[in-house]
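Take a look at the structure below.
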Amino acid sequence: MSAASKAGHDDHGHGHGHADGGSHGTFKDYMTGFVLSVILTAIPFILVMGNVLGNDRITGIVIMGFAVAQIVVHMIYFLHMNTKSEGGWTILALIFTLTLVIITLAGSLWVMYHLNTNMMPQHMHMG
Amino acid sequence: MATQSSAAMNFEPGRSPSVTIPQVDPTAFYDAKGEHHPEGSTMLGFWLYLMSDCLIFAALFATYAVVGRNYAAGPSPKDLFDLPLVALNTSMLLFSSITYGFAMLEMEKGDLSRVQIWLAITGLFGLAFVGLELYEFHHLIHEGATPQRSAFLSAFFTLVGTHGLHVSLGIVWLVTLMAQVHKRGLVPENKRRLLCLSMFWHFLDVIWIGVFTFVYLMGVLQ
């Protein structure tokens, strides 16, 4: 019984894999993702190379926003992430990883900034 | 009783428990309704590997963020980075992502020769990416901007080089899978492997978004 049901799974292969939304996408998904990615890549390059906004700080914040948007686009349309795949374990692993990534990045910058400030005889100019 | 005795045998030394546990209670592992297929656990495991890889890159990004402005009186990103080249590089990786997607779509249809063609195109875009990056590195080192020159350059070469190494190994993996698909066709095992490489490949594109934004574009802004 168990062997038969397992073999049945193997025969199906990925034919009915859409139920868990795992790693499958449609042509429309990929094209949507691609077009959005091209737009979200082109705009930051134009902003920086053409110095459109005229303010480095604002440009920096804007292109970071574009990067985050493009990462989300890639996750949804190329990696086919959703909250239901693998019973929610993929999204849980992703959230956990993002938490660690944010702690690593923000923590390093925070600690090292204070280290620089406190160790230097006079204030270093940052940047 | 028979199943209980075989369960007890699982814990004998030298005997792999994973071999016998499914005989004990298969429904504990496989959804009886058929909502999961056996490859599901591989995909989740590979996803966890990608997440751990993500942490490696997080550490490298953090290193770059901390020492990225320590030029040691050497060249700064503004002096070194050639944005049109980076834009070209970015487009190569983006094209390779969409062509890998097309290979996956053909795999769903079961069209073996088209899968191979799209995989080959993906590999060529990947090679173009690595080639452009090596050209850039060679150019920088030729100008004296070596990894030893400053903390900024050490962090830059480590971060971008690790990504480039991932793409290079991805190409090796891609060629290996093309040979496997050529030899054995689109069997379930090969489909599973192609799906894993698909995740790996798209994941590297995601990392590159961070690299071109944070390292190249923000570097030139300063």
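Reckoned from all heavy atoms, side chains included, excluding hydrogens, waters and symmetry mates. Lettering of chains follows the sequences in order, A, B, ..., and the numbering in each one begins at 1.
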Original post:
Measuring from A:Ile71:CD1 to A:Ser37:OG, what's the distance to the nearest 0.5 Å?
Top reply: 11.0 Å
Original post:
Judged by modelled atom types alone, do B:Ser76 and B:Asp79 share a side-chain donor-acceptor pair under 3.5 Å?
Top reply: yes
Subject >> Side chain / backbone / both / neither for A:Leu94 at chain B, heavy atoms under 4.5 Å >> reply: both
Original post:
What is the ring orientation for B:Phe156 with B:Phe152, classed by angle as parallel under 30°, tilted 30 to 60°, or perpendicular over 60°?
Top reply: tilted
**OP:** Heavy-atom distances under 4.5 Å only: say whether B:Leu105 touches chain A with side chain, backbone, both or neither.
**Re:** side chain
Subject >> Side chain / backbone / both / neither for B:Phe57 at chain A, heavy atoms under 4.5 Å >> reply: neither
Subject >> Winner by heavy-atom pair count (cut-off under 4.5 Å) against chain B, out of A:Ile102, A:Leu109, A:Val68, A:Leu40 >> reply: A:Leu109
**OP:** Give a yes or no on whether the ring-centroid distance for B:Phe61 and B:Tyr64 is below 6.0 angstrom.
**Re:** no
Original post:
Taking B:Phe95, B:Phe203, B:Trp201 one by one, which has the highest count of heavy-atom pairs under 4.5 Å against chain A?
Top reply: B:Phe95
Original post:
Highest number of heavy-atom pairs under 4.5 Å with chain A: which of B:Ser97, B:Cys54, B:Gly101, B:Ala58?
Top reply: B:Gly101
Subject >> Distance-only side-chain donor-acceptor flag, B:Asp53 / B:His166, under 3.5 Å >> reply: yes
**OP:** Count the heavy-atom pairs under 4.5 Å between each of A:His74, A:Met49, A:Met112, A:Met75 and chain B, then report the option with the highest count.
**Re:** A:His74
Original post:
Relative to chain A, which segment of B:Leu48 carries a heavy atom at a distance below 4.5 Å: side chain, backbone, both, or neither?
Top reply: side chain
**OP:** Name the region of B:Tyr100, side chain, backbone, both or neither, that has any atom closer than 4.5 Å to a heavy atom of chain A.
**Re:** neither
Subject >> Interchain contact, A:Val73 with chain B, by part (heavy-atom threshold 4.5 Å) >> reply: neither
**OP:** Can you establish whether the number of heavy atoms outside A:Met64 located under 6.0 Å from its atom CE is more than 12?
**Re:** no
Original post:
Looking at B:Ala87, B:Gly110, B:Gly210, which has the largest count of heavy-atom pairs under 4.5 Å with chain A?
Top reply: B:Ala87
**OP:** Check whether B:Thr213 gets within reach of chain A through its side chain, its backbone, both or neither, counting any heavy atom under 4.5 Å.
**Re:** both
Subject >> ring pair (Phe, Tyr, Trp, His ring centres under 6.0 Å) between B:His163 and B:Phe212, worked out >> reply: CA-CA 11 Å; B:His163 179 271; B:Phe212 82 70; over 10 Å; no
Original post:
Based on non-hydrogen pairs under 4.5 Å, which of A:Val111, A:Val48, A:Asp29 is most in contact with chain B?
Top reply: A:Val48
Original post:
Between the side chains of A:Ser85 and A:Thr90, is a donor N or O closer than 3.5 angstrom to an acceptor N or O?
Top reply: yes
Subject >> Residue B:Val67 versus chain A: region with a heavy atom under 4.5 Å >> reply: neither
**OP:** Could you tell me the separation between the CZ atom of B:Phe214 and the CG atom of B:Leu159, rounded to the nearest 0.5 Å?
**Re:** 9.0 Å
